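What follows is a short report on a single structure.
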Protein chains: 2
Amino acid sequence: MKPYVLIVEDEDALATLLEYNFGKEGYETAIAVDGEEALLLASERTPDLILLDWMLPKLSGIEVCRRLRRRKETSKTPVIMLTARGDETDRITGLDFGADDYMIKPFSMPELFARTRALMRRAKPSLLEDVIRVGDVEVDSQAFRVRRDDQALHLGPTEFRLLDHFVRHPGRVFSREQLLDAVWGRDVYVEARTVDVHIGRLRKALKLPGKGDPIRTVRSAGYAFEAVN
Amino acid sequence: MKPYVLIVEDEDALATLLEYNFGKEGYETAIAVDGEEALLLASERTPDLILLDWMLPKLSGIEVCRRLRRRKETSKTPVIMLTARGDETDRITGLDFGADDYMIKPFSMPELFARTRALMRRAKPSLLEDVIRVGDVEVDSQAFRVRRDDQALHLGPTEFRLLDHFVRHPGRVFSREQLLDAVWGRDVYVEARTVDVHIGRLRKALKLPGKGDPIRTVRSAGYAFEAVN
DNA sequence: CTTTACTGTCACGCATTTGTCACCTGCACC
DNA sequence: GGTGCAGGTGACAAATGCGTGACAGTAAAG
């Protein structure tokens, strides 16, 4: 059963982008372009998560959120609000009115996914896989823990997101650019070679005596993560 | 190697969105902002798919499509036209003039990808496969792996791209110039005889005791890759 | 405030890869 | 046999790609 995400966003380009990315991440999606449609869709099928733009035609995000909370089925459904930069007031009001988290536009997809997973886990733990195993490496994205051979390892935040991305797509080769998009986010500018450095740090962090290197370098192409034996 | 998609769209935001999403999906892309540029780019390198906006500066979508169809190389290239809502006339005319499918703006990315894959599968099935087998040779372009007889082999980047190109068009004879275009790229200048050297290296890399040579030399014409038994 | 942890960039060294040349080999034809 | 041409291949200098230690800037913690 795929988690069902309701996207409430009137700006077409953003809505499409969200739909596509969430679709790819394994969610089912629906789009509402205004507040009324949002309430309608939410009552037709109870979403597992709602992405709620704060500036909406017909009904404001605040109002939508308040009414959602009043209904029994959606009273605990996680809501992430999407606000424009610098709208401090909205943010606070939003959290007051029952939103669970907020993202300031423009935001990075990886971060949005991270918060999405965190919220959904809180609401309905069964919906998400918490711990992923590839070979002898075990990643617990809830607890932000990594173990190898039942040996706890310490990783920095970036190394963790990198590894998290790798174990979700084992065996596949990613170019530096793809990794930058997926791990750092599309809008940040960092040198491609920075990836190399973090790969190096990740390798070091994963190193255990007698164990091989699970990260494969593919010259002029990128890196891949695979099980070792 | 990667499927090559030509995006013909004068609206900047949409063009960028398409480029980003197709890039992420594993396509190579190019953008043309008007009809003339579209024809130019399409002749420089034959696209595997064309996304064609119907309202264009300089040359209309109809005209672009008609001229593409008249050329031999692009006479069968899949074309998806992008039309504004309610332009019934355009849609019908478009299909008459040789477009293969249409999408009405605004459209959803996942649907566009679905239609893209459907059309490309019809035109060139091998473009979409991740792992391709020809005889006892197996190429996994996602993991950048080559096996022969379940024996993993090591190839340099150029040898890999060369082999990748070959297995996607098994049996066909390519001239040195064609191989340079397809594997090295149109804009690089390298001696034609360099191909010979890389063919030699590829042969060496594919060599296994008791196994024949899958690359056939066609005197004064070029090379072809074929299954061996 | 000081300390600690983390990040992004750079420069250097090393190994692999690349394109080209020169010199062969094989083959067709006279 | 000789001749001319197309393709095979070893050698090599140059280019490229990658790993890594060092470093400075930043943010968080104490």
Side-chain angles (χ1 to χ4, degrees), chain A residues 108 110-111 114 144-146 152-166 173-207 212-225, chain B residues 1 144-146 152-166 173-207 212-226:
Chain A
S108 83
E111 190 184 348
F144 281 74
R145 285 235 154 87
V146 177
L153 303 175
H154 176 72
L155 272 66
T158 306
E159 279 77 63
F160 186 87
R161 288 200 309 264
L162 191 53
L163 178 61
D164 187 65
H165 179 70
F166 271 134
V173 175
F174 293 96
S175 70
R176 292 169 175 67
E177 286 70 25
Q178 287 176 313
L179 290 173
L180 284 176
D181 270 7
V183 177
W184 276 258
R186 168 173 163 62
D187 38 341
V188 220
Y189 174 72
V190 261
E191 287 292 323
R193 297 254 4 231
T194 299
V195 175
D196 296 23
V197 178
H198 283 276
I199 289 281
R201 289 172 180 159
L202 178 54
R203 277 184 168 135
K204 196 161 150 191
L206 290 177
K207 195 181 288 188
D213 181 4
I215 299 177
R216 175 167 60 106
T217 304
V218 181
R219 198 174 221 257
S220 80
Y223 299 95
F225 188 92
Chain B
M1 179 106 199
F144 282 80
R145 287 218 138 106
V146 177
L153 303 175
H154 176 75
L155 273 66
T158 307
E159 279 77 62
F160 186 87
R161 290 200 307 272
L162 190 54
L163 176 62
D164 188 70
H165 179 71
F166 272 134
V173 178
F174 292 97
S175 72
R176 294 164 182 30
E177 286 70 25
Q178 287 175 311
L179 290 173
L180 284 176
D181 274 5
V183 177
W184 276 258
R186 199 168 274 267
D187 38 343
V188 220
Y189 174 73
V190 267
E191 289 291 325
R193 297 250 11 228
T194 300
V195 174
D196 295 21
V197 178
H198 282 277
I199 289 282
R201 288 172 181 158
L202 179 54
R203 278 185 167 135
K204 194 160 148 191
L206 290 177
K207 196 180 290 189
D213 181 5
I215 299 178
R216 177 167 58 103
T217 304
V218 182
R219 195 161 227 261
S220 76
Y223 299 94
F225 189 92
E226 345 191 273

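Every heavy atom of this structure was used, including side-chain atoms; hydrogens, water molecules and symmetry mates were not. To find a chain, count down the sequence lines: A is the first, B the second, and so on, and within it residues start at 1. Remember, it's a predicted structure, so these values are computed and weren't measured experimentally.
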Whole angstrom value for the distance that separates [atom2] of [N] from [atom1] of [X]:
X       : N       : atom1 : atom2 : result
L180(B) : dT18(C) : CG    : C1'   : 13 Å
R219(B) : dA28(C) : CZ    : P     : 7 Å
E159(B) : dT17(C) : CD    : P     : 8 Å
L179(B) : dG7(D)  : CG    : P     : 12 Å
R176(B) : dG19(C) : CZ    : C1'   : 15 Å
D196(B) : dG10(D) : CG    : C1'   : 14 Å
H154(B) : dT16(C) : NE2   : P     : 8 Å
I199(B) : dG19(C) : CD1   : P     : 13 Å

**Study point:** Member of L153(A), V146(A), L202(A) meeting the side chain to side chain contact (heavy atoms under 4.5 Å, CB included) criterion with F160(A)
**Key:**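 Only one of L153(A), V146(A), L202(A) forms a side chain to side chain contact (heavy atoms under 4.5 Å, CB included) with F160(A), namely V146(A).
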Check your understanding: Does any N or O in the side chain of R203(A) come within less than 3.5 Å of the main-chain N or O of I215(A), such that one atom is a donor and the other an acceptor?
Key ->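 Looks like yes, one N/O pair under 3.5 Å.
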Point to revise | Trace of the salt bridge (charged side-chain N to carboxylate O under 4.0 Å, His left out) decision for E159(B) with R201(B) | key: CA-CA 7 Å; E159(B) 279 77 62; R201(B) 288 172 181 158; 5.0 Å; no
Of the listed nucleotides ([options]), which one gets closest to any side-chain atom of [X]?
X       : options                  : answer
R203(B) : dT20(C), dG8(D), dC10(C) : dG8(D)
E191(A) : dT7(C), dG10(D), dC10(C) : dC10(C)
T217(B) : dG8(D), dT20(D), dA15(C) : dG8(D)

Check your understanding: Under the 3.5 Å rule, do the base of dG8(D) and the side chain of R193(B) count as making a donor-acceptor pair?
Key ->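 Answer yes: a donor N or O sits under 3.5 Å from an acceptor.
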Practice item. Look at the side chain of R201(A) and the base of dG19(D), then say whether one donor and one acceptor between them are separated by less than 3.5 Å. Key: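 In this structure, the two groups form no donor-acceptor pair.
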With a non-hydrogen cut-off below 4.0 angstrom, is [X] in contact with a base, only sugar-phosphate, or nothing?
X       : value
F160(B) : nothing
T194(A) : base
V218(B) : sugar-phosphate

Exercise for review: Work out which heavy atom in R219(A) is nearest to a heavy atom in P157(B); give both atom names and the distance.
Suggested key: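 It is O-CG, 3.9 Å.
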**Study point:** Minimal non-hydrogen separation, L206(A) against P214(A), with atom names
**Key:**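 So the two residues come closest at CD1-CG, 3.9 Å.
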Exercise for review: List the steps, then state whether salt bridge (charged side-chain N to carboxylate O under 4.0 Å, His left out) holds for R193(A) with D196(A).
Suggested key: CA-CA 5 Å; R193(A) 297 254 4 231; D196(A) 296 23; 3.0 Å; yes
OP1, OP2 of [N] versus side-chain N and O of [X]: anything below 4.0 Å?
X       : N       : answer
S220(A) : dT17(C) : no
T158(B) : dT18(C) : yes
H198(B) : dT9(D)  : no
Y223(A) : dG19(D) : yes
W184(A) : dG8(C)  : yes

Practice item. With DNA chain D as reference, determine whether K204(A) or G222(B) sits nearer its 5' end, using the nearest nucleotide of each. Key: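 The residue mapped nearer the 5' terminus is G222(B).
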